[in-house]
Amino acid sequence: MTPTKNAATSATPTLSPSLRFPQFLADNAWNVVPLNAACQMQAGRFVQASEIHERESHELYPCFGGNGLRGYTATFTHSGMYPLIGRQGALCGNVRLEVGEFHATEHAVVTTARSGVDVVWLYYALSLANLNQYATGQAQPGLSVEVLDRVPIAVPPTEREQHKVAECLSTLDELINAESEKLNTLKTHKQGLMQQLFPREGETLPRLRFPEFRDAPEWRTGRASDIAEVHQGYGFPEGEQGKLAGDYPFYKVSDISRTLAAGSSRVDTAANYITHETLQKLKAKVIPTGATIFAKIGEALRLNRRVITTRPCVIDNNTAGVKAIDGQATDLFLFYIWSQVSLEDHAGGVVPAVSKSVIERIPVNYPEVPEQERIASCISSLDDSIAAQSHRIRALETHKRGLMQQLFPAPERVDA
(Lines give C-alpha, C1' and ligand atoms only; values in the text may rest on other atoms or scores of the structure.)
Protein backbone atom coordinates (compact mmCIF):
# COMPACT_ATOMS: atom_id res chain seq x y z
CA MET A 1 0.00 0.00 0.00
CA THR A 2 1.39 3.39 -1.00
CA PRO A 3 1.16 6.49 1.24
CA THR A 4 -1.65 7.98 -0.88
CA LYS A 5 -3.64 6.52 -3.71
CA ASN A 6 -1.65 8.34 -6.42
CA ALA A 7 1.68 8.77 -4.62
CA ALA A 8 3.58 6.10 -6.53
CA THR A 9 3.99 6.29 -10.29
CA SER A 10 6.57 4.99 -12.70
CA ALA A 11 8.43 8.29 -12.24
CA THR A 12 8.52 8.05 -8.46
CA PRO A 13 12.14 7.82 -7.22
CA THR A 14 12.94 4.88 -4.98
CA LEU A 15 15.49 3.93 -2.34
CA SER A 16 16.26 0.76 -0.40
CA PRO A 17 17.47 0.62 3.21
CA SER A 18 20.84 -0.97 3.87
CA LEU A 19 19.18 -3.31 6.38
CA ARG A 20 15.84 -4.93 5.60
CA PHE A 21 13.90 -7.68 7.33
CA PRO A 22 14.17 -11.00 5.42
CA GLN A 23 10.44 -11.23 4.62
CA PHE A 24 10.62 -7.93 2.72
CA LEU A 25 13.81 -8.45 0.70
CA ALA A 26 11.84 -9.38 -2.42
CA ASP A 27 9.50 -6.39 -2.12
CA ASN A 28 9.81 -3.23 -4.14
CA ALA A 29 12.11 -0.44 -3.01
CA TRP A 30 10.79 2.39 -0.85
CA ASN A 31 9.06 5.28 -2.64
CA VAL A 32 10.54 8.75 -2.16
CA VAL A 33 7.63 11.18 -1.84
CA PRO A 34 7.00 14.64 -0.36
CA LEU A 35 6.18 14.50 3.33
CA ASN A 36 2.62 15.72 2.69
CA ALA A 37 1.99 12.48 0.77
CA ALA A 38 2.61 10.51 3.96
CA CYS A 39 0.86 12.79 6.46
CA GLN A 40 -1.22 15.90 6.90
CA MET A 41 0.38 18.70 8.91
CA GLN A 42 -1.22 21.57 10.77
CA ALA A 43 0.10 24.06 13.30
CA GLY A 44 -1.48 23.91 16.74
CA ARG A 45 -3.78 26.50 18.28
CA PHE A 46 -2.73 29.68 20.06
CA VAL A 47 -3.20 29.70 23.82
CA GLN A 48 -2.84 32.62 26.21
CA ALA A 49 -0.01 32.31 28.72
CA SER A 50 -2.55 32.94 31.48
CA GLU A 51 -4.39 29.77 30.43
CA ILE A 52 -1.34 27.55 31.01
CA HIS A 53 -0.99 26.00 34.46
CA GLU A 54 2.35 24.82 35.82
CA ARG A 55 1.05 21.95 37.92
CA GLU A 56 -0.48 18.76 36.59
CA SER A 57 -4.09 17.92 37.53
CA HIS A 58 -6.58 15.24 36.49
CA GLU A 59 -8.80 18.07 35.23
CA LEU A 60 -6.08 19.52 32.96
CA TYR A 61 -4.44 18.39 29.75
CA PRO A 62 -0.74 18.56 28.78
CA CYS A 63 0.10 21.52 26.55
CA PHE A 64 2.94 21.20 24.02
CA GLY A 65 4.75 23.98 22.19
CA GLY A 66 7.93 24.28 20.15
CA ASN A 67 10.12 23.38 23.14
CA GLY A 68 8.08 20.45 24.40
CA LEU A 69 5.80 20.45 27.44
CA ARG A 70 4.78 24.02 28.35
CA GLY A 71 2.33 23.19 31.10
CA TYR A 72 -1.32 22.16 31.37
CA THR A 73 -4.56 23.61 30.00
CA ALA A 74 -8.27 23.19 30.68
CA THR A 75 -8.99 22.24 27.05
CA PHE A 76 -7.40 19.92 24.51
CA THR A 77 -7.00 20.22 20.73
CA HIS A 78 -6.22 16.59 19.87
CA SER A 79 -7.05 13.09 21.04
CA GLY A 80 -5.19 10.04 19.80
CA MET A 81 -1.61 9.34 18.70
CA TYR A 82 0.27 12.07 16.85
CA PRO A 83 3.91 12.92 16.11
CA LEU A 84 4.54 16.57 17.04
CA ILE A 85 7.24 18.69 15.37
CA GLY A 86 8.71 21.69 17.18
CA ARG A 87 8.42 24.76 14.93
CA GLN A 88 10.61 27.24 16.81
CA GLY A 89 12.98 27.56 19.74
CA ALA A 90 15.74 25.36 21.06
CA LEU A 91 13.93 22.21 19.93
CA CYS A 92 13.07 23.39 16.44
CA GLY A 93 12.69 20.26 14.31
CA ASN A 94 12.50 18.01 17.36
CA VAL A 95 9.91 15.24 17.08
CA ARG A 96 7.95 13.63 19.90
CA LEU A 97 5.11 11.09 19.86
CA GLU A 98 2.12 12.09 21.98
CA VAL A 99 -0.70 9.76 22.94
CA GLY A 100 -4.02 10.73 24.52
CA GLU A 101 -5.69 14.11 24.90
CA PHE A 102 -3.46 17.20 24.71
CA HIS A 103 -3.28 20.81 23.57
CA ALA A 104 -0.80 21.71 20.81
CA THR A 105 0.15 25.39 20.56
CA GLU A 106 0.90 27.30 17.35
CA HIS A 107 4.61 26.57 17.91
CA ALA A 108 4.09 22.84 17.30
CA VAL A 109 3.14 21.09 14.07
CA VAL A 110 0.72 18.19 14.52
CA THR A 111 1.16 15.41 11.94
CA THR A 112 -1.67 13.03 11.05
CA ALA A 113 -0.63 9.86 9.24
CA ARG A 114 -2.48 9.28 6.00
CA SER A 115 -4.24 6.03 5.19
CA GLY A 116 -1.69 3.29 4.63
CA VAL A 117 0.98 4.93 6.81
CA ASP A 118 1.76 3.49 10.26
CA VAL A 119 1.79 6.41 12.75
CA VAL A 120 4.60 4.96 14.89
CA TRP A 121 6.72 4.33 11.79
CA LEU A 122 6.04 7.93 10.76
CA TYR A 123 7.30 9.14 14.16
CA TYR A 124 10.62 7.30 13.74
CA ALA A 125 10.98 8.46 10.13
CA LEU A 126 10.46 12.08 11.17
CA SER A 127 12.88 11.68 14.08
CA LEU A 128 15.63 10.71 11.65
CA ALA A 129 14.84 13.35 9.02
CA ASN A 130 16.92 16.15 10.64
CA LEU A 131 14.05 18.56 10.08
CA ASN A 132 15.79 21.57 11.64
CA GLN A 133 17.94 21.81 8.49
CA TYR A 134 14.82 23.18 6.76
CA ALA A 135 14.28 26.01 9.26
CA THR A 136 14.15 29.47 7.71
CA GLY A 137 14.64 32.96 9.12
CA GLN A 138 17.60 34.57 10.85
CA ALA A 139 16.52 36.14 14.15
CA GLN A 140 14.57 33.05 15.22
CA PRO A 141 14.69 30.26 12.62
CA GLY A 142 11.48 28.28 12.36
CA LEU A 143 9.67 25.63 10.36
CA SER A 144 6.53 26.30 8.33
CA VAL A 145 4.00 23.70 7.21
CA GLU A 146 4.58 24.85 3.62
CA VAL A 147 8.28 23.97 3.87
CA LEU A 148 7.67 20.70 5.70
CA ASP A 149 5.18 19.65 3.00
CA ARG A 150 8.02 19.39 0.48
CA VAL A 151 10.54 17.51 2.66
CA PRO A 152 11.37 14.19 0.93
CA ILE A 153 10.66 10.98 2.81
CA ALA A 154 11.15 7.34 1.79
CA VAL A 155 8.12 5.15 2.52
CA PRO A 156 8.02 1.32 2.45
CA PRO A 157 5.67 -0.08 -0.22
CA THR A 158 3.58 -1.95 2.36
CA GLU A 159 2.17 -1.05 5.75
CA ARG A 160 3.34 -4.45 6.98
CA GLU A 161 6.98 -3.43 6.55
CA GLN A 162 6.31 -0.06 8.19
CA HIS A 163 4.78 -1.84 11.17
CA LYS A 164 7.70 -4.27 11.44
CA VAL A 165 10.23 -1.41 11.51
CA ALA A 166 8.14 0.47 14.07
CA GLU A 167 7.73 -2.65 16.22
CA CYS A 168 11.49 -3.28 16.22
CA LEU A 169 12.35 0.28 17.28
CA SER A 170 9.49 0.46 19.80
CA THR A 171 10.81 -2.66 21.52
CA LEU A 172 14.22 -1.04 21.76
CA ASP A 173 12.66 2.15 23.15
CA GLU A 174 10.79 0.12 25.77
CA LEU A 175 14.11 -1.41 26.85
CA ILE A 176 15.73 2.05 27.02
CA ASN A 177 12.80 3.36 29.07
CA ALA A 178 13.02 0.41 31.46
CA GLU A 179 16.75 0.99 31.94
CA SER A 180 16.08 4.72 32.44
CA GLU A 181 13.59 3.90 35.17
CA LYS A 182 16.26 1.82 36.90
CA LEU A 183 18.61 4.79 36.66
CA ASN A 184 16.03 7.12 38.17
CA THR A 185 15.43 4.63 40.99
CA LEU A 186 19.16 4.58 41.77
CA LYS A 187 19.32 8.39 41.76
CA THR A 188 16.28 8.64 44.02
CA HIS A 189 17.78 6.11 46.42
CA LYS A 190 21.04 8.06 46.51
CA GLN A 191 19.24 11.33 47.19
CA GLY A 192 17.27 9.79 50.04
CA LEU A 193 20.37 8.15 51.49
CA MET A 194 22.32 11.42 51.44
CA GLN A 195 19.50 13.17 53.24
CA GLN A 196 19.87 10.64 56.05
CA LEU A 197 23.67 10.45 56.11
CA PHE A 198 24.10 14.23 56.46
CA PRO A 199 22.56 16.35 59.25
CA ARG A 200 19.61 18.56 58.42
CA GLU A 201 20.02 22.31 58.62
CA GLY A 202 20.45 23.42 62.22
CA GLU A 203 21.35 19.91 63.43
CA THR A 204 24.73 18.30 64.17
CA LEU A 205 23.79 14.62 63.93
CA PRO A 206 22.58 12.71 60.86
CA ARG A 207 19.44 10.58 61.11
CA LEU A 208 21.37 7.54 59.86
CA ARG A 209 24.81 6.72 61.25
CA PHE A 210 26.93 3.64 60.65
CA PRO A 211 27.07 1.32 63.70
CA GLU A 212 30.77 1.91 64.37
CA PHE A 213 30.16 5.67 64.73
CA ARG A 214 26.94 5.75 66.76
CA ASP A 215 28.89 6.58 69.93
CA ALA A 216 31.17 9.07 68.17
CA PRO A 217 30.93 12.79 68.97
CA GLU A 218 28.48 15.07 67.19
CA TRP A 219 29.58 16.56 63.90
CA ARG A 220 31.57 19.77 64.07
CA THR A 221 30.09 23.02 62.86
CA GLY A 222 32.43 25.36 61.03
CA ARG A 223 33.18 27.12 57.77
CA ALA A 224 34.32 25.77 54.44
CA SER A 225 37.79 27.23 55.09
CA ASP A 226 38.12 24.88 58.09
CA ILE A 227 38.21 21.81 55.85
CA ALA A 228 38.99 23.10 52.37
CA GLU A 229 41.28 25.35 50.37
CA VAL A 230 39.45 27.52 47.85
CA HIS A 231 40.98 27.80 44.38
CA GLN A 232 40.16 30.53 41.89
CA GLY A 233 40.02 30.41 38.11
CA TYR A 234 41.91 32.47 35.54
CA GLY A 235 41.12 34.42 32.42
CA PHE A 236 41.58 32.36 29.27
CA PRO A 237 42.68 34.50 26.29
CA GLU A 238 40.93 33.53 23.08
CA GLY A 239 44.26 33.15 21.31
CA GLU A 240 45.27 30.38 23.71
CA GLN A 241 42.04 28.41 23.28
CA GLY A 242 41.37 25.53 20.92
CA LYS A 243 44.43 23.37 21.61
CA LEU A 244 43.43 19.70 21.81
CA ALA A 245 46.54 18.55 23.67
CA GLY A 246 48.92 19.95 26.25
CA ASP A 247 50.31 19.59 29.75
CA TYR A 248 47.14 20.70 31.54
CA PRO A 249 43.44 20.56 30.70
CA PHE A 250 41.85 24.02 31.00
CA TYR A 251 38.37 23.36 32.34
CA LYS A 252 35.44 25.65 31.66
CA VAL A 253 31.82 25.46 32.82
CA SER A 254 30.97 23.63 29.58
CA ASP A 255 33.40 20.84 30.51
CA ILE A 256 31.60 20.41 33.84
CA SER A 257 28.23 20.18 32.09
CA ARG A 258 29.52 17.76 29.46
CA THR A 259 31.02 15.44 32.08
CA LEU A 260 27.80 15.26 34.07
CA ALA A 261 25.74 14.79 30.90
CA ALA A 262 27.87 11.73 30.17
CA GLY A 263 26.86 10.29 33.54
CA SER A 264 30.15 10.86 35.34
CA SER A 265 31.20 13.09 38.23
CA ARG A 266 34.91 12.81 37.40
CA VAL A 267 36.18 15.20 34.76
CA ASP A 268 39.09 13.76 32.78
CA THR A 269 38.94 15.46 29.37
CA ALA A 270 38.64 19.08 28.28
CA ALA A 271 37.84 21.02 25.14
CA ASN A 272 41.03 23.07 25.68
CA TYR A 273 44.57 22.30 26.87
CA ILE A 274 47.57 24.48 27.66
CA THR A 275 51.29 23.89 27.93
CA HIS A 276 53.51 24.58 30.93
CA GLU A 277 54.82 27.65 29.11
CA THR A 278 51.28 29.00 28.68
CA LEU A 279 50.60 28.32 32.36
CA GLN A 280 53.53 30.55 33.30
CA LYS A 281 52.46 33.18 30.77
CA LEU A 282 48.99 33.33 32.33
CA LYS A 283 50.53 33.36 35.83
CA ALA A 284 47.98 30.70 36.72
CA LYS A 285 48.15 28.15 39.53
CA VAL A 286 47.47 24.49 38.98
CA ILE A 287 44.36 22.95 40.57
CA PRO A 288 45.36 19.63 42.16
CA THR A 289 43.85 16.22 41.52
CA GLY A 290 40.81 15.52 43.69
CA ALA A 291 39.50 19.08 43.81
CA THR A 292 35.78 19.75 43.41
CA ILE A 293 35.19 22.38 40.74
CA PHE A 294 32.00 24.30 39.95
CA ALA A 295 30.53 27.40 38.29
CA LYS A 296 30.73 30.49 40.48
CA ILE A 297 28.79 33.06 38.42
CA GLY A 298 25.69 33.47 36.28
CA GLU A 299 22.91 31.05 35.50
CA ALA A 300 25.32 28.12 35.66
CA LEU A 301 25.81 28.85 39.37
CA ARG A 302 22.12 28.14 39.99
CA LEU A 303 22.47 24.64 38.52
CA ASN A 304 24.76 23.54 41.38
CA ARG A 305 26.81 21.22 39.18
CA ARG A 306 30.00 19.72 40.64
CA VAL A 307 32.74 17.45 39.32
CA ILE A 308 36.01 16.10 40.72
CA THR A 309 39.31 16.63 38.93
CA THR A 310 41.29 13.51 38.05
CA ARG A 311 44.55 15.21 37.10
CA PRO A 312 46.32 18.54 37.70
CA CYS A 313 44.47 21.20 35.72
CA VAL A 314 43.61 24.88 35.33
CA ILE A 315 40.12 26.38 35.54
CA ASP A 316 38.75 29.52 33.96
CA ASN A 317 37.55 32.58 35.86
CA ASN A 318 33.88 31.57 35.72
CA THR A 319 34.66 28.61 37.94
CA ALA A 320 36.16 27.91 41.34
CA GLY A 321 37.34 24.85 43.23
CA VAL A 322 37.64 23.45 46.74
CA LYS A 323 40.30 20.97 47.81
CA ALA A 324 40.20 19.07 51.11
CA ILE A 325 42.77 19.99 53.76
CA ASP A 326 44.73 16.90 54.82
CA GLY A 327 43.65 15.68 58.22
CA GLN A 328 40.46 17.74 58.20
CA ALA A 329 38.52 16.20 55.33
CA THR A 330 38.78 13.80 52.42
CA ASP A 331 38.34 14.87 48.81
CA LEU A 332 35.39 12.58 48.21
CA PHE A 333 33.54 13.59 51.37
CA LEU A 334 34.09 17.24 50.48
CA PHE A 335 32.64 16.59 47.04
CA TYR A 336 29.48 15.09 48.53
CA ILE A 337 29.05 17.75 51.18
CA TRP A 338 29.68 20.46 48.57
CA SER A 339 27.11 18.89 46.25
CA GLN A 340 24.47 19.81 48.82
CA VAL A 341 25.47 23.46 49.07
CA SER A 342 23.23 25.87 47.16
CA LEU A 343 25.60 28.61 46.05
CA GLU A 344 22.66 30.77 45.02
CA ASP A 345 21.83 31.15 48.73
CA HIS A 346 25.22 32.81 49.23
CA ALA A 347 25.44 34.75 45.95
CA GLY A 348 25.17 38.49 45.58
CA GLY A 349 24.66 40.96 42.74
CA VAL A 350 22.21 41.26 39.86
CA VAL A 351 24.12 38.44 38.19
CA PRO A 352 24.53 35.81 40.91
CA ALA A 353 28.17 35.28 41.84
CA VAL A 354 30.29 34.12 44.78
CA SER A 355 33.80 35.31 45.62
CA LYS A 356 36.58 33.35 47.27
CA SER A 357 35.90 34.98 50.63
CA VAL A 358 32.19 34.15 50.42
CA ILE A 359 32.97 30.52 49.60
CA GLU A 360 35.33 30.30 52.54
CA ARG A 361 32.58 31.50 54.92
CA ILE A 362 29.95 28.97 53.83
CA PRO A 363 28.88 26.98 56.93
CA VAL A 364 29.51 23.22 56.93
CA ASN A 365 29.04 20.28 59.30
CA TYR A 366 31.56 17.46 59.27
CA PRO A 367 32.56 14.42 61.36
CA GLU A 368 36.00 12.95 62.01
CA VAL A 369 37.91 11.69 58.97
CA PRO A 370 37.19 7.94 59.50
CA GLU A 371 33.44 8.59 59.43
CA GLN A 372 33.87 10.82 56.38
CA GLU A 373 35.63 7.96 54.60
CA ARG A 374 32.84 5.53 55.48
CA ILE A 375 30.13 7.88 54.24
CA ALA A 376 31.99 8.70 51.03
CA SER A 377 32.66 5.01 50.33
CA CYS A 378 28.95 4.17 50.70
CA ILE A 379 27.76 6.94 48.40
CA SER A 380 30.59 6.34 45.94
CA SER A 381 29.49 2.73 45.45
CA LEU A 382 26.06 4.03 44.49
CA ASP A 383 27.66 6.52 42.12
CA ASP A 384 29.51 3.65 40.45
CA SER A 385 26.19 1.85 39.92
CA ILE A 386 24.64 5.04 38.54
CA ALA A 387 27.58 5.55 36.16
CA ALA A 388 27.36 1.93 34.95
CA GLN A 389 23.62 2.25 34.38
CA SER A 390 24.11 5.55 32.51
CA HIS A 391 26.72 3.86 30.31
CA ARG A 392 24.29 1.02 29.59
CA ILE A 393 21.61 3.47 28.48
CA ARG A 394 24.03 5.42 26.27
CA ALA A 395 25.13 2.16 24.61
CA LEU A 396 21.50 1.28 23.87
CA GLU A 397 20.84 4.76 22.48
CA THR A 398 23.92 4.53 20.26
CA HIS A 399 22.77 1.12 19.03
CA LYS A 400 19.32 2.54 18.29
CA ARG A 401 20.73 5.46 16.28
CA GLY A 402 22.90 3.13 14.23
CA LEU A 403 20.01 0.73 13.66
CA MET A 404 17.71 3.54 12.51
CA GLN A 405 20.27 4.74 10.00
CA GLN A 406 20.30 1.25 8.49
CA LEU A 407 16.52 0.69 8.61
CA PHE A 408 15.72 4.01 6.91
CA PRO A 409 17.19 5.12 3.57
CA ALA A 410 18.07 8.82 3.49
CA PRO A 411 16.62 10.87 0.59
CA GLU A 412 18.66 13.79 -0.63
CA ARG A 413 17.72 17.18 0.77
CA VAL A 414 15.59 19.40 -1.41
CA ASP A 415 15.72 23.20 -1.33
CA ALA A 416 12.80 24.58 0.61
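Residues take their numbers from the sequence shown, with the count starting at 1.
Applying the side chain to side chain contact (heavy atoms under 4.5 Å, CB included) rule to Val230 yields the partners Val322, Lys356, Ile359, Glu360; only residues at least two apart in sequence or on another chain are considered. Under the rule for a salt bridge (Lys or Arg N to Asp or Glu O under 4.0 Å), Asp118 has no partner lying at least two apart in sequence or in another chain. By the side chain to side chain contact (heavy atoms under 4.5 Å, CB included) test, Phe76 pairs with Tyr61, Ser79, Glu101, sequence neighbours left out. Glu203 is linked by a salt bridge (Lys or Arg N to Asp or Glu O under 4.0 Å) to Arg200, counting only residues two or more places apart in sequence or in another chain. A search for ring pair (Phe, Tyr, Trp, His ring centres under 6.0 Å) contacts involving Tyr273 returns nothing, not counting sequence neighbours. Residues passing the side chain to side chain contact (heavy atoms under 4.5 Å, CB included) test with Leu186 are Leu382, Ser385, Ile386, Gln389, sequence neighbours excluded. For Glu201, there are no side chain to side chain contact (heavy atoms under 4.5 Å, CB included) partners two or more places apart in sequence or in a different chain. Under the rule for a salt bridge (Lys or Arg N to Asp or Glu O under 4.0 Å), Asp316 has no partner lying at least two apart in sequence or in another chain. For Glu106, there are no salt bridge (Lys or Arg N to Asp or Glu O under 4.0 Å) partners two or more places apart in sequence or in a different chain.
Within the model, atoms CD of Glu181 and CD of Glu179 stand 10.0 Å from one another, a figure rounded to the nearest 0.5 Å. Between the NE2 atom of His346 and the CD1 atom of Ile362 there is a distance of 4.5 Å, given to the nearest 0.5 Å. Taking CD1 from Ile274 and NZ from Lys243, the interatomic distance works out to 9.5 Å, rounded to the nearest 0.5 Å. Rounding to the nearest 0.5 Å gives a distance of 11.5 Å between CG of Leu301 and OG1 of Thr319. One distance of note links OG1 of Thr73 with CZ of Arg70; it measures 10.0 Å at 0.5 Å rounding.
The closest side-chain heavy-atom distance from Ile227 to Leu334 is below 4.5 Å. With contacts defined as side-chain heavy-atom distances shorter than 4.5 Å, the pair Val151/Pro34 does not qualify. Residues Gln195 and Arg207 form a side-chain contact, since some pair of their non-hydrogen atoms from C-beta on lies under 4.5 Å apart. Using a 4.5 Å heavy-atom threshold, the side chains of Tyr234 and Ile315 count as separate.
A salt bridge does not link Glu397 to Lys400: none of the charged nitrogens lies less than 4.0 Å from a carboxylate oxygen. Contact check on Asp255 versus Arg258 returns a salt bridge, with a Lys/Arg side-chain nitrogen under 4.0 Å from an Asp/Glu carboxylate oxygen.
The six-membered or imidazole ring of Phe333 lies near that of Phe198, with a centre-to-centre distance under 6.0 Å.
The closest donor-acceptor contact from the side chain of Asn272 to the backbone of Phe250 lies at 3.5 Å or more, if one exists at all. In terms of modelled atom types and a separation under 3.5 Å, the side chain of Gln40 and the main chain of Val110 share no donor-acceptor contact. A donor-acceptor pair under 3.5 Å is formed between the side chain of Ser180 and the backbone N or O of Ile176. Of the possible polar contacts, none joining the Arg374 side chain to the Glu212 backbone as a donor-acceptor pair under 3.5 Å is found. Checking side-chain atoms of Thr111 against main-chain N and O of Ile85 turns up no donor-acceptor pair under 3.5 Å. Formation of a donor-acceptor pair under 3.5 Å by the Ser264 side chain with backbone atoms of Leu260 is not found in this model. Proximity of a side-chain donor or acceptor of Arg305 to a complementary backbone N or O of Ile256 within less than 3.5 Å is not detected.
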Q.
side chain to side chain contact (heavy atoms under 4.5 Å, CB included) for Thr330 and Tyr336? Distances and angles first, verdict last.
A. CA-CA 10 Å; Thr330 67; Tyr336 289 124; over 6 Å; no

**Q.** Evaluation steps, side chain to side chain contact (heavy atoms under 4.5 Å, CB included), between Tyr366 and Asp226
**A.** CA-CA 10 Å; Tyr366 56 98; Asp226 295 331; 3.9 Å; yes

**Q.** Worked verdict on Thr278 versus Thr275 for side chain to side chain donor-acceptor pair (under 3.5 Å)
**A.** CA-CA 5 Å; Thr278 303; Thr275 63; 3.1 Å; yes

Q) Going through the distances and angles, do Thr105 and Arg45 end up as a side chain to side chain donor-acceptor pair (under 3.5 Å)? A) CA-CA 5 Å; Thr105 76; Arg45 194 175 70 196; over 6 Å; no

Q | From CA spacing to verdict: side chain to side chain donor-acceptor pair (under 3.5 Å), Thr398, Arg401 | A | CA-CA 5 Å; Thr398 299; Arg401 285 194 296 271; 3.3 Å; yes

Q | Stepwise side chain to side chain contact (heavy atoms under 4.5 Å, CB included) test for Gln241 and Lys252 | A | CA-CA 11 Å; Gln241 298 184 31; Lys252 306 174 75 170; 3.2 Å; yes

Q) What's the verdict on ring-ring contact (aromatic ring centres under 6.0 Å, His included) for Phe102 and His78, showing C-alpha distance, side-chain angles and the deciding distance? A) CA-CA 6 Å; Phe102 62 90; His78 294 81; 5.6 Å; yes

Q: Report the C-alpha distance between Trp30 and Glu161 in whole Å, list the side-chain angles of each, state the deciding distance to 0.1 Å, and finish with yes or no for side chain to side chain donor-acceptor pair (under 3.5 Å).
A: CA-CA 10 Å; Trp30 294 23; Glu161 185 172 7; 3.3 Å; yes

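Counting all heavy atoms, side chain and backbone alike, Pro152 lies closest to Val32 at CB-CG1, 4.1 Å. Nearest heavy-atom pair across Leu183 and Ser390 is CD1-OG, 3.6 Å. Between Ser225 and Ile325, the shortest heavy-atom contact is O-CD1, 3.7 Å. Closest approach of Pro312 and Pro249 over heavy atoms only: O-CD, 3.4 Å. Taking all atoms of both residues into account, the shortest heavy-atom contact from Ala216 to Glu371 is CB-OE1, 4.5 Å. Leu343 and Val354 make their closest contact through O-CG1, 3.9 Å (heavy atoms, listed as atom of the first residue, atom of the second, distance).
Of the residues Val120, Val165, Leu175, the one that meets the side chain to side chain contact (heavy atoms under 4.5 Å, CB included) test with Ser170 is Val120.
For the side-chain hydrogen bond (donor to acceptor under 3.5 Å, both in side chains) condition, the pairs that include at least one residue of residues 290-300, sequence neighbours left out, are Glu299-Arg302. The list of salt bridge (charged side-chain N to carboxylate O under 4.0 Å, His left out) pairs with a residue in residues 276-295, not counting sequence neighbours, reads Glu240-Lys281. For residues 49-59, the set of pairs meeting the salt bridge (charged side-chain N to carboxylate O under 4.0 Å, His left out) definition, not counting sequence neighbours, is empty.
Side chains of Thr310 and Asp268: a donor-acceptor N/O pair is absent below 3.5 angstrom, by distance only.
The side-chain tip of Arg306 points at the ring of Phe294 from less than 6.0 angstrom away and within 45° of straight on.
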